[in-house]
Amino acid sequence: MDDAQHDGYRLDEQVGFLLRRATQRHLAIFAGLIGGLTPTQFAALAKLCEMGPTSQNALGRATAMDAATIKGVIDRLRDKGLVATLPDPIDRRRLMLAPTEAGRAAYDTARPLAQRITADTLAPLTPAEQAAFLALLARLG
């Protein structure tokens, strides 16, 4: 079929396709540098270390994960001994999440690797293109 039969639609020019390819590149770089954590697990652990003790609901919102996703991520981080639950000091009926000592150590080890992952993912772009790309992605999100 020629372009006229596709009404000008070409998959490899579509935003979803291009974002998926960029994501695949990023995930391959991530997997090559950070072992033992998925990108969503790392994101949750990093945000938890940044925020300090917080509820699972608040952590899910802060990491743009729905309730089912953040629950599974936290369950796996808890199974690895990287996250613990503790009672909320204000409302003892509510549980808070906090990184364990091992969780903070894992984050401290992974943080420079995560910075390298970002740099490697963006490496095909000039510094000005990188800044523009990140600004545009932030506007889309």
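Numbers for residues simply follow the sequence, beginning at 1. Please read these numbers as outputs of a predicted model, since none were measured by experiment.
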A.B. asks: What I'd like to find out is whether the side chain of Leu97 reaches to under 4.5 Å of the side chain of Arg78, using heavy atoms alone.
C.D. replies: yes

A.B. asks: Does any non-hydrogen side-chain atom of Gln24 lie less than 4.5 Å from one of Arg20?
C.D. replies: yes

A.B. asks: Do other residues, nucleotides or ligands put more than 12 heavy atoms under 6.0 Å from the CZ atom of Arg116?
C.D. replies: no

A.B. asks: May I ask you to decide whether Asp79 forms a salt bridge with Arg76, counting only side-chain N to carboxylate O separations under 4.0 Å?
C.D. replies: no

A.B. asks: Give the minimum heavy-atom separation between Gly103 and Leu45, together with the two atoms involved.
C.D. replies: O-CD2, 3.6 Å

A.B. asks: Please check if Val15 and Leu125 belong to a single hydrophobic cluster, counting links between Ile, Leu, Val, Met, Phe, Trp and Tyr side chain heavy atoms closer than 4.5 Å.
C.D. replies: yes

A.B. asks: Roughly how far, to the nearest 0.5 Å, is the CD1 atom of Ile117 from the CG atom of Leu33?
C.D. replies: 5.0 Å

A.B. asks: Do the non-hydrogen side-chain atoms of Leu37 and Leu82 ever get within less than 4.5 Å of each other?
C.D. replies: yes

A.B. asks: Between the side chains of Glu101 and Arg104, is the shortest nitrogen-to-carboxylate-oxygen separation below 4.0 Å, so that they form an ion pair?
C.D. replies: no

A.B. asks: Strictly by side-chain hydrogen bond (donor to acceptor under 3.5 Å, both in side chains), give each pair with a member in residues 128-141 just once, sequence neighbours left out.
C.D. replies: Thr126-Glu129

A.B. asks: When rounded to the nearest 0.5 angstrom, what distance separates CG in Asp75 from CD in Gln41?
C.D. replies: 10.5 Å

A.B. asks: Once you round to the nearest 0.5 Å, how far does OG1 of Thr85 lie from CE of Met96?
C.D. replies: 11.5 Å

A.B. asks: Any non-hydrogen side-chain atom of Tyr107 less than 4.5 Å from a side-chain atom of Thr109?
C.D. replies: no

A.B. asks: Do Thr69 and Thr63 have side-chain heavy atoms sitting under 4.5 Å apart?
C.D. replies: no

A.B. asks: Contact between Val73 and Leu59 at the side-chain level, heavy atoms closer than 4.5 Å - yes or no?
C.D. replies: no

A.B. asks: Could you check whether any side-chain heavy atom of Leu95 comes within less than 4.5 Å of a side-chain heavy atom of Leu86, counting everything from C-beta outward?
C.D. replies: no

A.B. asks: Give a yes or no on whether the backbone of Ala68 and the side-chain of Asp66 come within a donor-acceptor separation of less than 3.5 Å.
C.D. replies: yes

A.B. asks: Roughly how far, to the nearest 0.5 Å, is CG of Leu77 from CG of Leu48?
C.D. replies: 8.5 Å

A.B. asks: Please round to the nearest 0.5 Å and tell me the distance separating atom CG of Leu137 and atom CG of Leu19.
C.D. replies: 7.0 Å

A.B. asks: How close do Phe133 and Leu122 get, counting heavy atoms only, and between which atoms?
C.D. replies: CD2-CD2, 3.7 Å

A.B. asks: With a 3.5 Å distance limit and no angle check, can you tell me whether Thr100 reaches the backbone of Gly81 through a side-chain donor-acceptor pair?
C.D. replies: yes

A.B. asks: Taking atom CZ of Arg25 as the centre, does the number of heavy atoms from other residues, nucleotides or ligands within less than 6.0 Å exceed 12?
C.D. replies: yes

A.B. asks: Could you grab the distance from atom OG1 of Thr118 to atom CG of Leu113, nearest 0.5 Å is fine?
C.D. replies: 11.0 Å

